[in-house]
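In each ligand, atom 1 is the first atom listed, and ligand 1 is the first ligand listed.
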Amino acid sequence: RPRVLSGIQPTAGSFHLGNYLGAVRNWVALQETHDAFYMVVDLHAITVPQDPAELRANTRLAAAQLLAAGLDPEHCTLFVQSHVPEHAQLAWVMNCLTGFGEASRMTQFKDKSAKQGADRTTVGLFTYPVLQVADILLYQADAVPVGEDQRQHVELTRDLAERFNGRYDKGGTATFTVPKPYIVRETAKIYDLQDPTVKMSKSASSPKGLVNLLDEPKTSAKKFRSAVTDTDTVIRFDEAAKPGVSNLLTIYATLTGTAIPALEERYEGKGYGALKTDLAEAFVEWVTPFRERTQAYLDDPETLDAVLASGADKARTVAAETLATVYERMGFVPAK
Ligand code: AQP
């Protein structure tokens, strides 16, 4: 089976709809066809300041949401990044292979650091993509299921894997599998409901444009009903001319498993109000059991922690083997 690896941050508490539709939903599908490794990336979370109690609670909350979304520990390896120390160890090695200019070109870093200002931006935020490189390469992943915003980081991973392989393999077998991004075009970028030209994001979206899965469903339904569209009245998928309507159609189609042309037909001659109300209802119908399942996992922390412990064991076996090969090839003297 080909292998996939991906991660999600535990920073905001609730996942938002972009996280779910752009990434987590695909993780659930891929666990049936791939050898799947998924993690809650708490080491990434501390690139910005975290309250310790909140980080601890949000890490378990993220795991609970992943299980509620449909990840099955019998079909995938679910773990917490900091439980596997090899991530930080390989990240250091990869930092030493990454050009300063190369890291400086990462657009996500440029955007976030510009917003935070130089004094509040940490070196950790700067090297975050390199930690991500290590995350992926440790597991020899063939594919990385992510949203469009992560494409550049997967490209960096490919470059560094090839660089390492070229420099250290010396005619032997390649140390690293060179991974490909796995991005589902239709849901690669879910947009802010109030500004459908920017991605839905926990840090950049206005509260009214951001749909958090764990918010009161009534609150989210209202956000759908007041989503920004356009002054036209035709319900048609056209991302360039009608970004708001297209975003709503994408969300509706994906949540309900309906093709977009079928929705266009269903809403022919109807106004935007009907689409928004129906989408709000469909969302509430989907999210209500999701919230209940999340709560059930949270109510049983022992089981949750046991799932994560067993995931970490499985992950460490793979990660340790890769790291040992890397250390050996780089010329580190073995510890024994
Ligand atoms: N709007 C989105 N559309 C599609 N996919 C998205 N992802 C995030 N936003 C969208 C995907 O979700 C996965 C987990 O991402 P993360 O844990 O790194 O979260 P994030 O990218 O930090 O989420 P935000 O909201 O975008 O955070 P900020 O505001 O901090 O930048 C990834 O696969 C991501 O592509």
Contact residues of ligand 1 with a heavy-atom cut-off of under 4.0 Å?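 Correct list: I8, Q9, H16, G18, N19, G22, A23, K112, Y128, V146, G147, D149, Q150, T187, A188, K189, I190, K199, M200, S201, K202, S203.
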Could you tabulate the donor-acceptor pairs under 3.5 Å formed by side-chain atoms of residues 173-181, not counting sequence neighbours?
| from | atom 1 | to | atom 2 | distance (Å) |
| --- | --- | --- | --- | --- |
| T175 | OG1 | D169 | OD1 | 2.6 |
| T175 | OG1 | R329 | NH1 | 2.9 |
| T177 | OG1 | Q140 | OE1 | 3.2 |

For Y272, all residues meeting ring pair (Phe, Tyr, Trp, His ring centres under 6.0 Å), sequence neighbours excluded: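 So Y272 forms no ring pair (Phe, Tyr, Trp, His ring centres under 6.0 Å) with any residue.
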Qualifying side chain to side chain donor-acceptor pair (under 3.5 Å) pairs with a residue from residues 144-156, counting only residues at least two apart or across chains: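 Sorted result for residues 144-156: T107-Q152, Q132-Q150, Q132-H153, E148-R151, D149-K199, Q150-H153.
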Does the distance from a Lys or Arg side-chain N to an Asp or Glu carboxylate O, for E239 and K189, drop under 4.0 Å?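 Between K189 and E239 there is no salt bridge, as every charged N stays at least 4.0 Å from the carboxylate O atoms.
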NZ/NE/NH1/NH2 to OD/OE distance under 4.0 Å, D215 and K223: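 Looking at K223 together with D215, the answer is yes, because their closest N to O distance falls below 4.0 Å.
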Going from CD on Q194 to CG on L210, what distance comes out if it is rounded to the nearest 0.5 angstrom?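 Reported value, rounded in 0.5 Å steps: 11.0 Å.
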